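Protein chains get the first letters and strands the later ones, always in sequence-line order, with residue 1 at the start of each. Predicted, not measured: the structure shown is a model, and the values here were computed from it.
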Number of protein chains: 2
Amino acid sequence: MVFVKPPQSASTREVVYSALREQILQLELPPGTGLSEKEISLQFNVSRTPVRESFVQLAQEGLLEILPQRGTYVSLIDTSLVEEARFMREQLERAVIKQACDRFPQEQLIKLQGNLALQKLSVENQDYKKMFELDEEFHRTIFEGCGKSYTWGVIQHVNVHLNRSRMLRLAADHNWNHIYAQHEQMATAIEAHNSSEADRLMQNHLNLTVTDQSLLKEKFPAYFK
Amino acid sequence: MVFVKPPQSASTREVVYSALREQILQLELPPGTGLSEKEISLQFNVSRTPVRESFVQLAQEGLLEILPQRGTYVSLIDTSLVEEARFMREQLERAVIKQACDRFPQEQLIKLQGNLALQKLSVENQDYKKMFELDEEFHRTIFEGCGKSYTWGVIQHVNVHLNRSRMLRLAADHNWNHIYAQHEQMATAIEAHNSSEADRLMQNHLNLTVTDQSLLKEKFPAYFK
DNA sequence: ACTACCACACTACCATACAAGTATGGTAGT
DNA sequence: ACTACCATACTTGTATGGTAGTGTGGTAGT
């Protein structure tokens, strides 16, 4: 009972799964889009089996709705799920950043500051997608520094709906200077071991996500449930 | 783009998936057990396809390890994952029970008290599995009363490893009187809107889970990674 | 004009066949 | 006795055919 060799080469299922997941989260496959096993299998030039298995995976994550004998659709964004996801994220992020103020490795702190520099650039260049990635990485780095990588993974897993919502927001309005400024202040608070300030900042930061939820629903009504 | 009819009858994949999941969480399929698509398909008298799809699902949840061309095994319990799961659960449970002290529906409060009565019975009868279920239901009811059902679902999804660990604990030692007493005090705190007391109780309550982790690893070394 | 019906094209679902990688036990050669 | 090799019986991965349920558009009947 020893698990020696990790699976090296990606299986066909894995490839299809990752590709579809990326397209869904990037809104290249918008909520409500109809898919079909056959269509995708032709598109990737593989059989229906691995496609079907990736559908099952994506459905389990809540990214696809499989209606037996009827069709498979990219799931609509459920605002109540988004709210609960935001709630969970808030609790966990606040707990972690407080922990980071107590003890945070130098290496990760440097990584944070490098990330911030890139954020500043992306804001200036109005590079939306890059900024989104850097935002993710910023938060992930905090979790890693606290030895909570798995927790971050769970947040990512949970917040698929929230992420699509955030993607809409980044594409819609443009207050990244604010976001960037908040990130910078959080890094400073961690460095200064200022736990209460960090907690306050994070709370405000994550509240941005929920405020314009109804606004998004007006702008993109077809994407919401 | 309307999703009218929910899928009524369970598909073969769903049946196999649920059955295996239950067996794994109940430790009827202990960590490390080797499975095979063919074996299970014969056992359920179905083809390999739905079995295989349920394997993919269970692997995504971290309950199975699929080693290509080598075999599939019930995953071992990863103590570091257990610790992070406990961390997440603590943060979320504390946040929710504090919210429950502010505002909690009468209906759910009654449900809590009914549950407590059954817990007392189960403790007296030393009915381990029943007590485990009632414990789950107690916590779930708190989440439901706060409109956080999805959050509870996520905890359940996350804590598969933790749950197996807890199952071992319940089978091993016998301090349920303590667990029951804590539950009772929490219900009282909710009713009395005593937020700080509820928070303190929940924190202690969940700390029970982690303390004897190393002890379990000694008792059942083969089940851990 | 309207309704009931039905053929057809589509879907996801499941069973089966084949392919490819892996562990193992026996055997021939040293 | 020991090692290298190979046939074989496993495993999971992929492809494909057939089944059953579902939506749709056309048509015959009223």
Using atom [atom1] of [X] as one end and atom [atom2] of [N] as the other, report the distance to the nearest whole Å.
X: A/Ile40; N: C/dA12; atom1: CD1; atom2: C1'; result: 14 Å
X: A/Lys38; N: D/dG18; atom1: NZ; atom2: C1'; result: 13 Å
X: B/Arg70; N: D/dT12; atom1: CZ; atom2: P; result: 12 Å
X: A/Gln69; N: C/dA12; atom1: CD; atom2: C1'; result: 5 Å
X: B/Leu64; N: D/dG13; atom1: CG; atom2: P; result: 12 Å
X: A/Leu42; N: D/dT16; atom1: CG; atom2: C1'; result: 13 Å
X: A/Glu37; N: D/dA15; atom1: CD; atom2: P; result: 13 Å
X: A/Leu67; N: D/dA20; atom1: CG; atom2: C1'; result: 16 Å

Using a cut-off of less than 4.0 Å, is there contact between a side-chain N or O of A/Thr72 and OP1 or OP2 of C/dA12?
-> yes

For D/dG13, does OP1 or OP2 lie under 4.0 Å from any side-chain N or O of A/Ser11?
-> no

Return the residues of residues 43-57 of chain A meeting this criterion: a heavy atom under 4.0 Å from some atom of DNA chain C. Order them by number, or give none.
-> A/Arg48, A/Arg52

Counting distance only, does the side-chain N/O of B/Asp78 pair as donor-acceptor with the main-chain N or O of B/Ser80 below 3.5 Å?
-> yes

Do side-chain atoms of A/Ser75 reach the backbone of A/Gly62 as a donor and acceptor pair under 3.5 angstrom?
-> yes

Tell me, do B/Gln91 and A/Met88 make a side-chain contact under 4.5 Å, heavy atoms counted?
-> no

Pairwise side-chain contact, A/Gln99 with B/Phe87, heavy-atom cut-off 4.5 Å (strictly under) | yes

Is A/Lys148 salt-bridged to A/Glu144, going by a charged N under 4.0 Å from an acidic O?
-> no

Mind checking who C/dA23 pairs with, Watson-Crick or G-U wobble, both distances under 3.5 Å?
-> D/dT8

Give none if C/dA28 has no partner; otherwise give the nucleotide forming a Watson-Crick or G-U wobble pair with it, both distances under 3.5 Å.
-> D/dT3

Smallest heavy-atom separation, A/Gly32 atom then A/Leu76 atom, equals N-CD2, 3.7 Å

Check the pair B/Gln156 / B/Glu136 against side chain to side chain donor-acceptor pair (under 3.5 Å), numbers first and verdict last.
-> CA-CA 9 Å; B/Gln156 285 299 93; B/Glu136 298 279 316; 2.9 Å; yes

